[in-house]
*Asks:* 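One structure, as structure tokens, below. Some questions next.
Order of appearance sets the numbers: ligands from 1, and atoms from 1 within every ligand.
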Amino acid sequence: MKRKLQLLTKSSLGVMSAVGVALSGTLSAQVNIIPLPNHVEEVANDKFEITKETAIRYDTKLRNEAELLAAAIEKATGHKPALYDERLRIMLHSQIYLDLDDKPAEGVSPESYTLISSKHGIGITGAGAAGAFYGSQSLLQLIPLEGEFSIPGVKIKDTPRFGWRGMHLDVGRHMFAPKDIKKFIDQLAVHKLNTMHWHLTEDQGWRIEIKKYPKLTEIGGFRASTPPYGNRTGSDGKRYGGFYTQEQIKDIVAYAQKRHITIVPEIDMPGHMAAAITAYPELGNTDIPNYNPKVYGLWGVHPYILAPKEETFKWIDDVLTELCELFPSTYIHIGGDEAPKGQWKQSPFAQSVMKREGLKNEHDLQSYFIGRLEKMLDAKGRKLIGWDEIREGGLSPKATMMLWRGWDHAIASVNEGHDVVMAPGSHTYFDHYQNDKAIELAKGVEYECIGGHRTLSSVYSFDPMPKQFKGTEKAKHILGCQAQLWSEYLKTWDKVEYQAFPRVAALAECAWTQTENKNYDQFFVRLQPMLARYKKAGINYFDPNTEGKVEAKEGAKVSSSLQPHGGHLPVCIYDEAKGTYFWSNSPPKENDHITLELAQAVKAGKVHVSTGGLVKGKIADRLKDGILQVSTDGKDWKKIADFEDGEAMGNLSDGTKFIRVLVTGAQTSWLIVQDFDIK
Ligand code: ACM
């Protein structure tokens, strides 16, 4: 790793003395912390052993952090350290000291910490409780996954690059169990992320109990159907829904708070409101033709938008009152994205409000709307944040913008004096494919994503700070960054994890680590033990070591002279996924083939190959003229069956290593080949 390691002064590190400082340019294999701390020194020939004797001494104000650390050490080592309040002044032979800096220097972030490990013990000093917690997270990543629990000698002095380090989670399209959300929060903490943006309402479902308006969840919490994977305009005909009770929300908020994570709730307004408008139709533009709101069972942007009526504003105020009681965060996200203006154009009432307020168009009406929300939040002592559309028609004075579209919105807003959180679709939408779409879809239809291609390395390359603000006064307006998990194509918690991890690790480094300390190749090395930690934590992560690779089962290889249609790769004729198949993207000609090379020659048996599949309800794309052949060496081929009605079954003799479908006559339709079934 090419980066300057800064020599730390003794005084900045507290009481421990340096035992020879290794200033090699490369961190050893043992220091694999993600996000990479901003100053690390390794101390040669020194280490601390975590044993049954190891105990935690803690500053009285850090009881919570000490308890969390003890529980995590127990998980990692099987031994739970005893806890001692520092006021007890007990002599400890093997100690981890969790300390709080009583007088942090001015301007030092309370998320800063130092961590020193040596044979004498481990000292973590937080500039605030959050810093002590982050020091603990770094320590936990220094505990080897197996073998002796020895911590290398290190001196770390660390502080985050940005104060807003977030992950968003949409529970409107699909919702997830509280236990899974807690598991997610645990991982955000591991990655030193401090914000969970909880997208709680959508056209497809309202997910937060509001006591004053029970129909929001009784009616708005449920939709009649959902598009299945692989059929975006289809319907599974199954009622879907649910919501989080206020008790569940309080529990999750408290859980997050203990882990220094602020949950920023989002009520998406004035668009994305079909579920609420279905529950309380009077909230919408009732004076338009064919007014008939419903909770949507399809994805996309839908027309239902709140009406700018006083009774609607009263409803919003009531909802925000209950929201603020549940969520202590300074910021409240009011959405503001993708609000189609068609219904306001059609509504005589909305037009009359525009006239009354002297607004020249519907964008100005949106600004007026957002301005009203800002006043409500102001009165409740909170700050408004919204998606970048809240700039349309002018951004209300104190509003903070969350950028998801073009960076020009961020630059213009900062130039106007607004704060911005960077969440651009160009780098941080984790509902995009992280591998080639074709490769993902070859694994099965449930790997479908909304689109896009966002590799781990491209996430890592994200720099939230627009170039023109680097090193300027305006940089402070870029609060930080976050990544998005929109859940249209995240039907299960497993899929959420698959899309999130390990891209969360790359995001964390973008948010925490200074640009000059970042290096993708080195990150990728540090990521390997993190993947093992994910595995241990039961996380269904995407393995970036497999990026760009598709594997046939049992070490076999598949080749074809035909090009695949979409994700229907040749390998699908012999992969682990059920229901996948090869599909050519053009009609086959004579001598086209699809060939399976097994890793081991077979003993005598049978092979059955079926071609064609259901396309729009009818069997299509069968092989018309073709034969099934086998070979021991891939050179000399022997016919074992003809295809009849798209099917062939043949006997395999001892020693067969190659099996292929050979096309013997051109056809006009494309070709689907199902699994090679060997018995
Ligand atoms: C968004 O993706 N509609 C913020």
Side-chain angles (χ1 to χ4, degrees), residues 164 166-174 195-207 227 232 263-276 296 298-306 331-342 362-363 366-367 369-370 373 384-393 395-396 399-410 412-413 418-434 448-454 458-459 462 464 478-490 496 499-500 503 507:
W164 186 300
M167 274 304 302
H168 150 288
L169 181 65
D170 167 15
V171 292
R173 276 59 177 257
H174 287 100
T195 305
M196 187 181 106
H197 168 178
W198 203 359
H199 184 82
L200 285 161
T201 65
E202 260 308 335
D203 288 319
Q204 295 85 2
W206 180 283
R207 305 273 173 247
R232 296 184 167 209
I263 301 189
V264 174
E266 178 182 353
I267 304 289
D268 199 350
M269 299 178 273
H272 287 276
M273 265 286 147
Y296 280 95
L298 289 177
W299 315 133
V301 177
H302 297 295
Y304 279 87
I305 182 167
L306 293 173
Y331 290 93
I332 300 291
H333 203 301
I334 54 76
D337 61 323
E338 299 175 325
K341 310 295 185 298
E362 289 74 19
H363 290 306
Q366 165 144 328
S367 269
F369 199 101
I370 303 294
L373 303 192
L384 178 146
I385 185 166
W387 297 108
D388 57 44
E389 286 94 331
I390 62 173
R391 269 199 88 232
E392 292 167 358
L395 187 53
S396 43
T400 297
M401 197 185 76
M402 183 168 275
L403 177 114
W404 71 281
R405 302 179 302 172
W407 288 50
D408 47 331
H409 294 288
S413 294
H418 294 283
D419 288 342
V420 173
V421 173
M422 299 295 281
S426 62
H427 289 83
T428 64
Y429 271 38
F430 288 180
D431 55 338
H432 291 182
Y433 288 102
Q434 58 202 314
E448 184 185 17
C449 287
I450 198 160
H453 190 188
R454 188 59 38 227
S458 70
V459 175
F462 171 48
I478 302 293
L479 301 183
C481 61
Q482 69 172 39
Q484 282 45 251
L485 283 165
W486 298 105
S487 63
E488 288 95 331
Y489 297 88
L490 310 181
V496 173
Q499 292 300 117
R503 289 187 288 194
L507 175 87

*Asks:* So, is Trp404 polar-close to ligand 1, with some N/O to N/O distance under 3.5 Å?
*Replies:*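 So ligand 1 has no N or O lying under 3.5 Å from an N or O of Trp404.
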*Asks:* For the aromatic rings, using the six-membered ring if either is Trp, is the centroid distance between His333 and Trp387 under 6.0 Å?
*Replies:*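 Yes, the ring of His333 comes within the 6.0 Å limit of the ring of Trp387, centre to centre.
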*Asks:* How many angstroms lie between atom CD of Glu202 and atom OH of Tyr296, to the nearest 0.5 angstrom?
*Replies:*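 The OH atom of Tyr296 is 12.0 Å from CD of Glu202, to the nearest 0.5 Å.
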*Asks:* So, for Tyr331 and Pro265, which heavy atoms are closest and what is the spacing to 0.1 Å?
*Replies:*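 Closest approach of Tyr331 to Pro265: O-CD, 4.1 Å.
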*Asks:* Would you find a donor on one side and an acceptor on the other, under 3.5 Å apart, between the side chain of His418 and the backbone of Ala399?
*Replies:*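 Between the backbone of Ala399 and the side chain of His418 there is a qualifying donor-acceptor contact (under 3.5 Å).
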*Asks:* May I ask you to identify the nearest protein heavy atom to atom 3 (N) of ligand 1, giving residue, atom name and distance to one decimal place in Å?
*Replies:*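 Going by distance alone, atom 3 (N) of ligand 1 is nearest to Asp337 OD2, 2.6 Å.
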*Asks:* Report, in ascending order of atom number, the atoms of ligand 1 lying under 4.0 Å from any heavy atom of Trp387.
*Replies:*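 Those of ligand 1 that fall under 4.0 Å from Trp387 are 4 (C).
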*Asks:* For ligand 1, which atoms have a heavy atom of Tyr429 less than 4.0 angstrom away?
*Replies:*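 Those atoms are 1 (C), 2 (O), 4 (C).
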